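See below for the structure under consideration.
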Amino acid sequence: MHREYIKKLADRLKSIHLDKEVRIMEVCGTHTNEFFRSGVKDIFPEKLTLVNGPGCPVCVTPNDYLDRAIEIGKKYDPIITTFGDMIKVPSSYSSLGREMTDGMDVRIIYSPMEALNIAQHNPDREIIFLSVGFETTAPTEAVAVIEAKKRNLANFSILPGNKLVPPAVKALLDAEVKIDCFIIPGHVSAIIGEEIWNFIANEYSKPSVIAGFETPDLIISVLSLLDMYLNNKNEVRNEYKRFVKKEGNKKAVECLYEVYEKEDALWRGIGTIPESGLAIKDSYSEFDSSIRFPVTPPPPKEPIGCRCGELLRGIITPPDCPLFGTSCLPESPVGPCMVSSEGPCTAYFKYRSE
Ligand code: SF4
């Protein structure tokens, strides 16, 4: 039954004929991967182009964040905890992986609560969590900070680097990047709700779809976008209603803004976007590593020849980068887009080779 259902959807997509180019941006790195993995990208109508967006947190984190983390590691000798993706990301002059081999204590964790437990069991060490993510992970990190306060864990802090996705989409629209429609991340929307995306239709007259991650979700999202685009209907459609509620997850948002407040933030390849980052509020400043461990990192620099910035703005696709698959490979990445599992270059490379 499931198989037949997918086949019917796929046949509908295959039957569409476009007489002009349509560019869809999948904002989220998980969608990038799923379009490849599921094979849905292979049945796109001719002239339908999928471009990547700024939805890979590791990719959009500017080098100066990692430079700062490494400087803190060198100067204060803490235990640095992080999600695995960050280990291989090249910083301006090194990487966490390289620093580990030089003795820096860096540990991969799967949840910020693990970092909290490490702090509890190592009262004589400082534990720093590298807090890089979007609305999906930031509430859990806020809970960890609230919990650290409750437990009086003075040796736990986080280096804030979280970002908010809607302002980045708005920045791309303001920059007039050529995108006709948007696939909006379902997991981010599960937290922040549907209505926050209305600006895409109301202010920029573009259709968008909140999409899930399974094969039928992907096909339905593209069919829905094409229906709107070809019929001049500019709406935000929620095609992931089983998880995304109109109002989002109010409890998660409440936790988020208990600890964080919005601030302007620098995005790789895009620049500074107003109110697109999350800073720790004064009332929790004792858990802010950037305040507790001051450092002056050397001036940041970008990897020579890397075109991650243009990728994250939907201007090019990975094969347009001359380093793709030559000097830039998953085992020796030049830029972050070839590191993260959500990075567009990783997805293109992985599925190109299979
Ligand atoms: Fe950067 Fe490598 Fe991607 Fe090129 S292929 S944009 S160098 S990450």
Side-chain angles (χ1 to χ4, degrees), residues 23-37 41 49-70 82-99 108 130 132-134 161 163 165 168-169 171-172 175 177-179 183 185 265-273 298-354:
R23 287 168 68 84
I24 294 180
M25 172 175 276
E26 22 71 308
V27 173
C28 161
T30 311
H31 275 140
T32 312
N33 256 281
E34 288 308 307
F35 270 106
F36 274 106
R37 195 193 56 77
K41 196 165 182 295
T49 306
L50 194 64
V51 296
N52 318 112
C56 156
V58 164
C59 307
V60 296
T61 299
N63 271 358
D64 88 308
Y65 178 89
L66 210 42
D67 296 346
R68 182 168 295 276
I70 288 173
T82 176
F83 296 138
D85 277 359
M86 287 296 273
I87 299 286
K88 276 172 71 181
V89 176
S91 65
S92 297
Y93 304 94
S94 182
S95 71
L96 284 172
R98 202 181 304 164
E99 295 300 329
I108 294 173
L130 302 187
V132 168
F134 294 134
K163 292 185 166 46
V165 179
V169 171
L172 293 182
V177 174
K178 197 192 159 332
I179 304 159
I183 295 176
L266 180 65
W267 294 59
R268 183 190 299 273
I270 303 177
T272 299
I273 306 176
K301 62 181 174 90
E302 290 299 317
I304 295 168
C306 173
R307 297 182 69 184
C308 279
E310 290 158 274
L311 268 172
L312 299 167
R313 298 200 302 275
I315 295 173
I316 61 166
T317 57
D320 296 324
C321 173
L323 309 188
F324 176 78
T326 54
S327 53
C328 184
L329 298 161
E331 58 273 24
S332 53
V334 174
C337 297
M338 189 58 102
V339 176
S340 168
S341 54
E342 294 175 291
C345 300
T346 318
Y348 269 74
F349 188 84
K350 182 173 176 191
Y351 293 101
R352 182 192 79 154
S353 347
E354 281 180 3

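As the structure lists them, so they are numbered: ligands from 1, and atoms in each ligand from 1. It should be emphasised that the depicted structure is a prediction, and the values quoted were computed from it without experimental measurement.
Looking at Glu310 and Arg313, no side-chain N of the basic residue comes within less than 4.0 Å of a carboxylate O on the acidic one, giving no salt bridge.
No donor-acceptor pair under 3.5 Å is formed between the side chain of Ser94 and the backbone N or O of Pro90.
Pairing each heavy atom of Arg23 with each of Lys178, the nearest pair is NE-O, 2.8 Å.
Between Phe324 and Tyr348, the two ring planes are perpendicular [angle over 60°; tilted spans 30° to 60°].
None of Asp85, Thr61, Thr346 except one satisfies the side-chain hydrogen bond (donor to acceptor under 3.5 Å, both in side chains) rule with Ser340; the exception is Asp85. Paired with Pro54 under the rule side-chain contact (heavy atoms from CB on, under 4.5 Å), one option of Ile273, Leu172, Leu311 passes, and it is Leu172.
Within the sub-2.8 Å shell of atom 2 (Fe) of ligand 1, the protein contributes these N/O/S atoms: Cys328 SG.
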